[in-house]
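Report on the following structure.
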Amino acid sequence: MQYRSTRANLNYQLDAPAAIIQGLSPEGGLFVPTTFPKPIFDLEQFKNMSYQEMAKKVLATFFDDFSDDQLSQIVDESYGNQWDDKEIVKIAKHANNYYLELFHGPTLAFKDIALQILPRLMHTAIKIKQNDSDIIILTATSGDTGGAAMSGFKGQEHTHVIVFYPYGGVSPVQLRQMLGLKGDNLTAIAIKGNFDDAQTNVKKIFNNQALVKKLKLNKLQFSSANSMNIGRLVPQIVYYFYSYVQLVKNGEITTGQKINFSVPTGNFGDILAGYYAKKLGLPIHKLICASDQNNVLTDFFKTGTYDRQRKFYLTNSPAMDILVSSNLERLLFDLYNEDSNELAQLMNELNTKGKYTVSPIVKEKLNQLFAAGFATENEVEDEINRIFIADQYTLDPHTAVASFVTKKYQENSLDQTPTVIVSTASPYKFPETVFHALTGKEVKEKGVPAIKELNSFLQEDLSGNVNNLIQTGNYQEQIIKASEMENTLLNILDI
Ligand SMILES: *Cc1c(COP(=O)(O)O)cnc(C)c1O
């Protein structure tokens, strides 16, 4: 299978290993399959598969340049003992909805699902392409990608991870996960600015051709671990299928019955994987796009205008504090019938004018496929409290955004379709907010002490991965201006 860019014509094509190594297309577009696969996934047959077996099936569909043996090894290593749950993901029913727990991996958030696998895909891709450059994974993070990427790439030969995160914009626990993780090939640096500043500068560095040349002379090459990388997106398709099949197995739905997925959204990678699952034949009625106070997507679905010129809020769901949702580009590419000229123009407008408006036809398609809504910080805390009182079940703030938006949607639309709320983080990853929501009190001290305080309130056993987090060592922050990112990078690489 070949890949192309959302912003370039069909003359430029790559195979999957090349697209994974490269991450982002040179003109700034995202890689998508040249012809979207049409596999006949037999949901009945999926019923007998483990998570790992299903992952192999889905990956083989998109990454056919990897051998079955290679994929098998990659999947088994990615979804092994580093997970607290042998099933990898779990599904729980509470307050009449299903919660798909994707946070049982090493950094307690859903990004582990893809970021345990991406480094191994990349390592194998380097072998397949006989690539003689080392890969620099350059990543902007609003908190969760950084830790998950560092955890996934730690110790991987021929790779170096450099993470930029907004100073003061990530939680104490996220900070600990990034800076407490020691490895020769791992660097995390704070910038004075928000996530979008970090992401915009990372994109600029990627597209700086002089710099790319300089790297090449030094046998170095950039790639991305953000969900812009197709190698990160595809593994996320798996849990949509897996959760559907579990609901069938548990007798909650029948095969073929449509369900909704409600997704706490930031960069639009998670929910896009849901859209791809639907394209691959999974019976999905609505994808519910849930945002926090940074509700640029809610407005977009309502008006058809994407306008990033607005106040940026740092909220209690930091992984969703994003104004430019990169993966929306892949959805629009699809809805514009793969017209890369149209996409190049829209994305250019976003860069130059700060906004764009989609055509009425595309707007109509968007509203058929998606519902959208947002939650304020207070609504997030109220929702954590509501679900706990209803069912003694604890949500993290990101999941609570989706849970709240789902409740609102169900009340307003009277849609009774069974709904899976994608649960993206463990409550212990954001203990300060969760503790406050449950008790009305502030924690005595942020970070690890807050984890312990929340735990003694909840009186439950801590999972192995939460315990590992508590035991990570001390750390120090390095802080730079956003304008210094490129120079800092050159310093780190010593070129
Ligand atoms: C990254 C993240 C999200 C947002 O996912 P996107 O793919 O960026 O839309 C939501 N919740 C948590 C906990 C995350 O880490």
Side-chain angles (χ1 to χ4, degrees), residues 30 89 99-116 118 139-152 163 165-166 169-171 173-174 177-178 195-196 198-199 224-230 232-237 239-240 261-277 287-292 294-298 300 315-331 370 372 374-375 380 384 395-405 421-431 433-434:
L30 307 187
V89 307
Y99 289 85
L100 172 59
E101 299 180 354
L102 303 180
F103 52 76
H104 299 291
T107 70
L108 313 176
F110 96 102
K111 290 186 175 68
D112 288 326
I113 300 258
L115 280 168
Q116 283 300 307
L118 180 68
T139 289
T141 184
S142 57
D144 282 346
T145 297
M150 291 168 79
S151 163
V163 172
Y165 63 91
V170 302
S171 81
V173 173
Q174 289 171 328
Q177 284 178 329
M178 285 191 282
F195 170 73
D196 287 309
Q199 175 155 273
S224 156
N226 283 65
S227 52
M228 296 183 272
N229 194 313
I230 190 74
R232 169 132 169 227
L233 199 58
V234 170
Q236 295 177 176
I237 297 171
Y239 50 76
Y240 286 92
F261 283 93
S262 177
V263 188
T265 296
N267 224 358
F268 212 77
D270 193 353
I271 196 165
L272 186 81
Y275 172 71
Y276 278 3
L287 289 161
I288 302 169
C289 177
S291 300
D292 66 19
N294 297 290
N295 57 355
V296 57
L297 285 166
T298 315
F300 173 64
T315 75
N316 53 17
S317 48
M320 298 161 69
D321 293 343
I322 290 177
L323 293 181
V324 181
S325 298
S326 300
N327 271 294
L328 188 62
E329 181 168 346
R330 286 189 168 108
L331 173 68
F370 293 86
F374 74 100
V380 165
I384 293 172
L395 305 180
D396 98 283
H398 304 76
T399 309
V401 168
S403 188
F404 176 84
V405 169
I421 294 163
V422 178
S423 305
T424 48
S426 156
Y428 289 106
K429 193 155 189 184
F430 303 94
T433 301
V434 175

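Note that this is a predicted model, so its numbers are computed, not measured. We count ligands from 1, going down the list as the structure has it; atoms in each ligand are counted the same way.
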Quiz item: Which heavy atom of the protein is the closest neighbour of atom 7 (O) of ligand 1, given with residue, atom name and distance?
Solution: Asp270 N, 2.8 Å

Quiz item: Okay, side chain of Arg232, backbone of Ala114: is any donor-acceptor separation there less than 3.5 Å?
Solution: no

Exercise. Provide the number and element of each atom of ligand 1 under 4.0 Å from a heavy atom of Phe110.
Key: 1 (C), 2 (C), 3 (C), 5 (O), 7 (O), 14 (C)

Quiz item: Taking heavy atoms and a distance under 4.0 Å, where does Phe103 meet ligand 1: side chain, backbone, both or neither?
Solution: neither

Quiz item: To which protein heavy atom is atom 11 (N) of ligand 1 closest, and what is the distance rounded to 0.1 Å?
Solution: Thr424 OG1, 2.8 Å

Quiz item: Donor-acceptor pair, Asp196 side chain versus Leu323 backbone, under 3.5 Å?
Solution: yes

Practice problem: Flag Phe268 as yes when one of its N or O atoms lies below 3.5 Å from any N or O atom of ligand 1, and as no otherwise. | Solution: yes

Practice problem: Report yes if Asp396 has an N/O atom closer than 3.5 Å to an N/O atom of ligand 1; otherwise report no. | Solution: no

Practice problem: Out of Lys429, Met320, Lys111, Gln236, indicate the one that has the non-hydrogen atom closest to atom 2 (C) of ligand 1. | Solution: Lys111

Exercise. Could you tell me whether the side chains of Asp321 and Asn294 share a donor-acceptor contact shorter than 3.5 Å?
Key: yes

Quiz item: Do Thr139 and Thr141 have side-chain atoms, one donor and one acceptor, less than 3.5 Å apart?
Solution: no

Quiz prompt | Between Ser224 and Asn229, a side-chain donor and acceptor under 3.5 Å | solution = no

Quiz item: So is Ile322 polar-close to ligand 1, meaning N/O to N/O under 3.5 Å?
Solution: no

Quiz item: Taking distance alone, with no angle check, do Asn267 and ligand 1 share an N/O pair under 3.5 Å?
Solution: yes

